[in-house]
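So that the names make sense, note that chain A is the first sequence line, chain B the second, and so on, each numbered from 1. None of the values given here were measured: they were computed from a predicted structure. Reckoned from all heavy atoms, side chains included, excluding hydrogens, waters and symmetry mates.
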2 protein chains.
Amino acid sequence: MHSFTEENYLKAIYKLQEANGLIVATSALAQVLEVHAPSVTDMLKRMAGKKLVTYQKSKGVKLTEKGRQVAVGIIRNHRLWEVFLVDKLGYKWDEVHDLAEQLEHIHSEDLTNKLDMFLGFPKADPHGDPIPDANGILPKSKAVLLSTLKMGERGTFTGVTDHTPAFLNYLDKSGISLGNSIKVKAIEEFDQTYTIQLKDKKDTVISYKVANSLLVNKVETT
Amino acid sequence: MHSFTEENYLKAIYKLQEANGLIVATSALAQVLEVHAPSVTDMLKRMAGKKLVTYQKSKGVKLTEKGRQVAVGIIRNHRLWEVFLVDKLGYKWDEVHDLAEQLEHIHSEDLTNKLDMFLGFPKADPHGDPIPDANGILPKSKAVLLSTLKMGERGTFTGVTDHTPAFLNYLDKSGISLGNSIKVKAIEEFDQTYTIQLKDKKDTVISYKVANSLLVNKVETT
DNA sequence: TTAATAAATTAGGTTAATCTAATTTATTTT
DNA sequence: AAAATAAATTAGATTAACCTAATTTATTAA
């Protein structure tokens, strides 16, 4: 079995690999894991010995297939536990991250699959992030940032790229919830402020920063 | 926060303290924790430094009030998660121990309490062991071993002292379940074999070893 | 009450995961 | 292309939790 630390490294490498291309830098890992660079170098060597990553000195790391499997398994756990916390225990979407960071390291494929069934095989976690299936397959989403939509275009709000409680709370306060249909009514040239229309017809003004943190499934205007 | 290891020591000390009197020996801990005696000595010194135990060189340890609080908290977690696994995920009572050993170390009082509510504030885990309340109060049970009952006496089966899957399976196979009413029909002098009558009137023969692992609430014959 | 046995501790090491300070390797900038 | 800057690595330590071998302290038996 892998240690919590190894699993956290694997998850971090996976996410950085997704976000910023193929090879992951020591410094990037040090930053997200909140440790110092020499600790990362050290750990990567150990993990390379276990064939979890391929490590190229002074260049960075990639996950091996084995490493990717473990990483995706942890992400599956994390997201399923988040659904449990929100759907079953009544937590709010901005409260579950730290708890899921603990629960994701429970080692039992069988438990994960039973939990999945208990939750009704959810496709996404409370933030809209897709849940990998038992084979580690993660459905490719075609969601785009709201900030890429042009005047008059529409979409359905399906996820966030900023998972901080502060941002999630802002969305709650503004009445913007997953599944909402959103139409771009206006984009202010000067500061890229968006005026959007929510399903309930109320117009809302959001900053570029917000528009750039919301994922939508674009509705093609046929 | 305490490490998993510390928590496991605390739990072990608590259980040995309950079972065998007040002071707990290094060797007893080494045995249940499956480590060697010098490791225990080492750890106990560290834990004494944190005021979790009082350590008397060459004599043994006791929990401090602080240590007891932590230990009971872990036991509460463990038993609540066992209820979750059985009641919600469909596990059998002989399958949940190892998983609960992992889940018990999730650090969140709030999660524990929400779980408790979700489960309907159960009083006992699937093996009949009482669940401490949020204040660490464990109801004193007045259950006795079936092996202490005399001919003709009755009781309700409320718990086990042997939690091994082998024993639990044996009970399943024999149709002996928590809550069953049991009457002692005969006790063989020669080998202390018990003949018992279950609620459904069927007579069953059990060994002394089995009778000595079953807890019952004795029904006083008025 | 001394001798034998059992239990516990000390001494000295190991491993995973971290750190700081110093050095080396890469990448930019001039 | 050389100099400056940034990133990464090496060297050497630390801490928690464990180990084995040797020694000391308790307990039990003769």
Sidechain N-carboxylate O distance under 4.0 Å for Lys15(B), Glu18(B):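 Salt bridge flag = no for Glu18(B) with Lys15(B).
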
Electrostatic pair Glu65(A)-Arg68(A), nearest N-O below 4.0 angstrom: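 Yes, Glu65(A) and Arg68(A) are salt-bridged.
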
Measuring to OP1 and OP2 of [N], would you say a side-chain N or O of [X] lies under 4.0 angstrom away?
| X | N | value |
| --- | --- | --- |
| Tyr9(A) | dT18(C) | yes |
| Lys57(A) | dA26(C) | no |
| Lys45(B) | dT10(C) | yes |
| Thr5(B) | dA16(D) | no |

Touch class at under 4.0 angstrom, heavy-atom based, for Ser39(A) against every strand present: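 Base, at least one base atom sits under 4.0 Å.
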
Touch class at under 4.0 angstrom, heavy-atom based, for Lys59(B) against every strand present: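 Here Lys59(B) touches no strand at all.
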
Close residues, residues 26-36 of chain B, relative to DNA chain D [heavy-atom separation under 4.0 Å]: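 Those residues whose heavy atoms fall under 4.0 Å from DNA chain D, taken from residues 26-36 of chain B in numerical order, are Val35(B), His36(B).
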
Ring-face cation of Lys88(A) near Phe118(A) (centre distance under 6.0 Å, axis angle within 45°):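 Judged by the rule, Lys88(A) and Phe118(A) form a cation-pi pair.
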
Tyr55(A) six-ring face occupied by Lys45(A) cation (under 6.0 Å, within 45°):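 Ring-cation test returns no.
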
Sidechain-backbone polar pair: Glu153(A) side chain, Lys150(A) backbone, donor-acceptor under 3.5 Å: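 Yes, because the side chain of Glu153(A) sits within donor-acceptor range (under 3.5 Å) of the backbone of Lys150(A).
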
Nucleotide nearest Pro38(A) (side chain, heavy atoms from C-beta), chosen from dA11(D), dA8(D), dA11(C):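 Looking only at side-chain atoms, Pro38(A) lies closest to dA11(D).
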
Beyond-backbone contact of Leu178(A) with His127(A), side-chain heavy atoms, under 4.5 angstrom: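 Leu178(A) vs His127(A): side chains apart.
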
Residue whose closest nucleotide on DNA chain C lies nearer the 5' end, Gln56(B) versus Asp42(A):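 Here Gln56(B) is the residue nearer the 5' end.
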
